[in-house]
Each structure stands twice: as C-alpha cells, then as structure tokens.
Amino acid sequence: MDRFSRLCLWGSMACAFLSLVLLSFDVFPWFRDPILPHRPTYPLGIAGMVLFVLSGQWRGRMQEHRLLLGGILGMTALAVLATVWGLQDVPGDVAPDVWTGFLLWTAIPLAFWLWGAVMFSCLPCGQGKKLFHAAVLLLAVSNLAHIILEIPANHGATGIKDFLVSINSWFRFECIDHGWWPPVYFTDRIRGLFAEPPHMAVGLIPVLGVVLALSGAKRLWLLGVVCWGLIMWQGKIASGLLAFVVTCFAAALPFYFTALRRHRMPVLMLTAVLLAGGGWALQAGWPGMQARFLPAFQEAESLVRFVKDSHAGRPAACPELQGGLEVSSLAIRYTCARLDMEAGLSRPLGMGCMMQGWYWQPLEQCSLERGSEPTGFVEGARSSKLHKYPPMNQYTTLLAETGLPGLALFLGLCGMLLWRSVRFAARHRDWYVYGMACAFLGMLAALTAITMKNATAFAFLAGYLYAISREGDGAAGETGGGQVPQQERG
C-alpha cells in the first residue's frame, strides 16, 4: 500500500470513528446544511466513503462481498423503480424533493452499510475491534454523563434540571419541524444527548452489543448489560426495553440448550412451569388489556377503513374519534403501521420513497378532534409539500415505500447476516461474535417501534458484525471473548 492509499484509509477510519462518537447529535445546532440532515454523521460518513474509495483497498475484494453488494444494489434498484412509478401519480413539482429524500434516507444509509462492512473487512481484526470499541465506549461515556444528571432531575432536583435545560442549546436544536420537537426537556424520560428517547435506544444498541460480547471473557461486563436495561426502564422506552429483552433472550439460548442436554427432565419441567405461569398471567391480564386497548384499535381501524374507502371511490365519512387513541403511544404506532401496510399492499412496489403520505391524504379532510398525535400528524401533512407523516416502524415504512419485494429483500439481508454470524460463532465457539449478533437481533426488534432515523448506528453495527464473522484471513480466534456453550456429544 503506497503512502496516498494509506492516508486515505486512515482518513476513512477517522471518519468512521467520529461518526460513531458523534452519533448522539442527531439534531446538531452547529451543522446547518440546506440539504443534509442536521447531524455531523452524514458529512463524516460521506467523506469516509469517498476516502475509502480513493484508498483502493476495495479493489480485488468485492468478489468476497458479492452477496451483500448484490442485496444492497437490489434494494436501491427496487427503491428507484418504486419511486419512478409513484411519481407518475403525484404533482410533478415534488420530484426534486422526493429524489432528495431517496438519496438521504435510502441510498446513503445503504451505502453506509456497504462501506462499514467492506472497510472493517479490510482491516486486521484486532485493529477493527479497537476502532469500534473505542468509538462505542466514548459514545457510551458521553451519554452516561448526561443520563446520570437526568435521573435526579426527574426525581425533583430542580437545580440539575435547570442546568440541563440551560445547556440544551449547545448540542440540540429546539422547536424544529412543527414547533414542538424536540422538547427542551423530557419530563420523567431519559434521552441522553439524543433528540428523543427512542433515538437513544437504537443509537446505544452498539454499546449493549460490546458490553455483552466482552462479558464472555470478563463477567464484570455484565454490569454494563444490566445498567443498559435499567436506563431503558428508567427512560420508559418501549423500543429499548424490547431490544433488551430480545438480546438477553437470544444470549441465554446457548446456555439453555446446554442445560437441556445435561439435565433434560428438570429443565423441561422448569420450562413447562414458566410457560404455564406466563399463560396464566396473560389470561388474567387479558380482560384489562382488552378493555384498555380495544377502543384504540377500533378507532385505528375506522381510520384505515376511511382511507381505503376513499381510495376505492366508495362513500366514506370522516371517523369521529372519542379519545381512544390517547390511551398509549402503542395505539398511535399501530395506527401508523396499519396505514403504511395498506399503502404498501395497494401497489406491487409500494408508493415510492417519501410518498406514502399521499396514501394518507384523505385524512387531511378530517378534523379528527380528540385524536391526540394523529391530529398533529394531519396538521403537519397539510403544510408539507410531500404530505409527510412521521414514520413509526422501519418494516411497515419499507413496505409502504417499496412493497413486499423491498421488505423481503431487507429482511433477507438481515437474515443472511444473522445466519452467517451465528454459524461462525457456533463453528469457532466464539462468544464475542455471538454477543454482537444478539445485539443486532435486538436492534431489528427495536425497529418495529422506530425507523432508522439515525442510520449510522444500524450501518456500523451491521457492517462490523459482517466483518468479524467472515471466514479466513485469521478472523477466527482474533475476536476473542469466551466461548459459546455447546451441547455435549453423545
């Protein structure tokens, strides 16, 4: 490698490092660009990709990554086709905004994923590991400092709360979009340096992956896993708690199967007791849950029926909401997911990037009194050139934009990565890789309650996991961190 290539590679690594460290600043006030999102990770990531291409380290290596490259190019092509098709049914003056949205929220995040995977694969495993760990742990420490102050502020420490409010403008925009987001302070919630608690949950999942993976060599790192879960519980972040539960469940599976092999009957009896207890608790709590959420689901379905009937040309009257959707944010997310599903299934390739709001457009005729957040969504869509609504679920958003083919391709890529990493971990008895795979599974679970608003977290975690689970080139045994328990052979 000549001097220029080496400098470009180092520059690309530096951009990747800073993109992870500065992940929290997702509405950064000191970076104002008319096109790019207000976050430093985008220009840093773009610069890192350009430097990596200039370094030439990818030459002769892309054959190894042809499956990932083909999947990402396939997703990009599907999104382009869906968008071109969708633009035929909307006013022509929105095309520049649509293609800008496609570039920012589809093409660039997919390119970040490919860049992270290929760049980490080009580095020696130990060097890539040190780079990823240093960036993720700095991200954790910077957020932890803010979180430690948020907890007493939520329990009545007004001096600390006033201090947090006073420094908010240093690293966060205030009152953007419709003038209410992000709030200066989240009462009784925790968000670290991020704009919103769910953003923090997804952004800090790489931290959960690192501490879980390192716990294979040193059990003391399990304290970090517990602290991560406690932060999500204190912050009342449903997506974070879901990610935590799924990650821990997946991490416990090898130990469960090992115990099942060694002590079959006691483990089966304990499993049966736990399943029976869970079933009894669900049965006991079901009437209360039904009484609480049934009105919300009925109102959500009334909105979906109204939109479907409007698009089908059938007589439709605006639904009258009675406050059922105000019961929980889950009701809001369910409503958005149902409308996105109907939008995605209305065409073979969905509505096209940034255009699912056109499917929701009939709702703009309605006042939707007592609709809580949907009322705000509709008011915001009326003033938006693209009739934009907040995306609430990565999978239903993909379905709405690119139809079933796009969603299937994304799930196939993620499934390929999980299968590859779990197979590697089982073959080499590598707990480190398995722990990172569990965290990635947790991130996929969290994306049912939020989209890849901060795509950098997903791209780097997926790219790093892809790199450390590759066969050959001394990858096995260098990741370290303990062994995955295996069943005894009879």
Side-chain angles (χ1 to χ4, degrees), residues 187-189 196-198 201 232-233 235-246 249 274-312 314-346 356-357 359-381 389-400 407 444-451:
T187 304
D188 297 329
R189 303 290 301 276
E196 197 172 343
M232 296 301 124
W233 176 71
K236 303 173 183 177
I237 310 172
S239 57
L241 288 171
L242 177 61
F244 182 75
V245 170
V246 170
F249 179 80
L274 291 175
L275 289 175
W280 176 83
L282 180 62
Q283 184 181 16
W286 181 252
M289 294 171 58
Q290 191 175 32
R292 183 184 179 191
F293 287 103
L294 186 58
F297 291 146
Q298 290 174 341
E299 290 193 356
E301 291 302 322
S302 70
L303 292 174
V304 172
R305 281 196 303 272
F306 168 73
V307 173
K308 289 180 65 177
D309 290 343
S310 298
H311 282 289
R314 294 189 290 267
C318 289
E320 295 183 4
L321 303 183
Q322 303 298 324
L325 294 177
E326 299 176 12
V327 66
S328 170
S329 64
L330 292 176
I332 307 298
R333 296 180 187 280
Y334 174 80
T335 304
C336 295
R338 284 285 292 114
L339 286 167
D340 279 346
M341 290 169 63
E342 294 297 336
L345 295 174
S346 64
Q356 65 265 44
Y359 187 83
W360 294 45
Q361 194 177 9
L363 291 177
E364 296 175 26
Q365 309 168 16
C366 307
S367 57
L368 301 181
E369 293 89 350
R370 298 193 65 192
S372 187
E373 287 186 75
T375 305
F377 295 166
V378 170
E379 291 175 357
Y389 288 82
M392 294 287 187
N393 182 310
Q394 177 63 27
Y395 306 107
T396 57
T397 299
L398 265 175
L399 177 62
L407 177 61
L444 294 180
L447 292 180
T448 59
I450 189 174
T451 58

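As the structure is a computational prediction, the values presented were derived from the model and not from experiment.
Residue L303 holds its CG atom at 12.5 Å from CD of Q298, rounded to the nearest 0.5 Å. Once rounded to the nearest 0.5 Å, the distance linking CG of L282 with CE of M289 reads 6.5 Å. Taking CG from L447 and CG from L398, the interatomic distance works out to 9.5 Å, rounded to the nearest 0.5 Å. The structure places CD1 of I237 at 4.5 Å from CE of M232, a figure rounded to the nearest 0.5 Å. Separating the CZ atom in R292 from the CG atom in L330 is a distance of 8.0 Å, to the nearest 0.5 Å. Distance check, rounded to the nearest 0.5 Å: CE of M392 to CD1 of I450 gives 9.0 Å.
Residues W360 and D340 meet the side-chain proximity criterion, which asks for heavy atoms closer than 4.5 Å. You'll find the side chain of P362 reaches within 4.5 Å of the side chain of H311, heavy atoms only. With a 4.5 Å cut-off on side-chain heavy atoms, T451 and Y395 do not count as touching.
N393 places a side-chain N or O within donor-acceptor distance of the main-chain N or O of T448, the cut-off being under 3.5 Å. Under a 3.5 Å cut-off, the side chain of E299 and the backbone N or O of Q322 do form a donor-acceptor pair. Here the side chain of Y359 pairs no donor or acceptor atom with the backbone of S346 at under 3.5 angstrom.
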Given L363 and V307, is the side-chain contact (heavy atoms from CB on, under 4.5 Å) satisfied, shown in steps?
CA-CA 7 Å; L363 291 177; V307 173; 3.7 Å; yes

Is there a side-chain contact (heavy atoms from CB on, under 4.5 Å) between F306 and Q365? Walk through the geometry before answering.
CA-CA 11 Å; F306 168 73; Q365 309 168 16; 4.2 Å; yes

Evaluate side-chain contact (heavy atoms from CB on, under 4.5 Å) for W233 paired with L241, printing each intermediate quantity in order.
CA-CA 7 Å; W233 176 71; L241 288 171; 4.1 Å; yes

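Counting all heavy atoms, side chain and backbone alike, A446 lies closest to A243 at CB-CB, 3.9 Å. Between A300 and T335, the shortest heavy-atom distance links the atoms CB-OG1, 3.2 Å. Taking every heavy atom of both residues into account, L242 and A445 meet most closely at CD2-O, 3.3 Å. Minimum interatomic distance between L399 and M341 (heavy atoms only, all atoms of both residues): CD2-CA, 3.8 Å. When all heavy atoms of S310 and A316 are compared, the pair lying nearest together is OG-CB, 3.8 Å. Nearest heavy atoms, L325 versus A296: CD2-O, 3.5 Å.
Side-chain contact annotation: Y389 with Q361, donor-acceptor N/O pair under 3.5 Å absent.
Under the rule for a side-chain contact (heavy atoms from CB on, under 4.5 Å), P295 has no partner lying at least two apart in sequence or in another chain.
Using a cut-off of 4.0 Å between Lys/Arg side-chain N and Asp/Glu carboxylate O, E342 and R338 are scored as salt-bridged.
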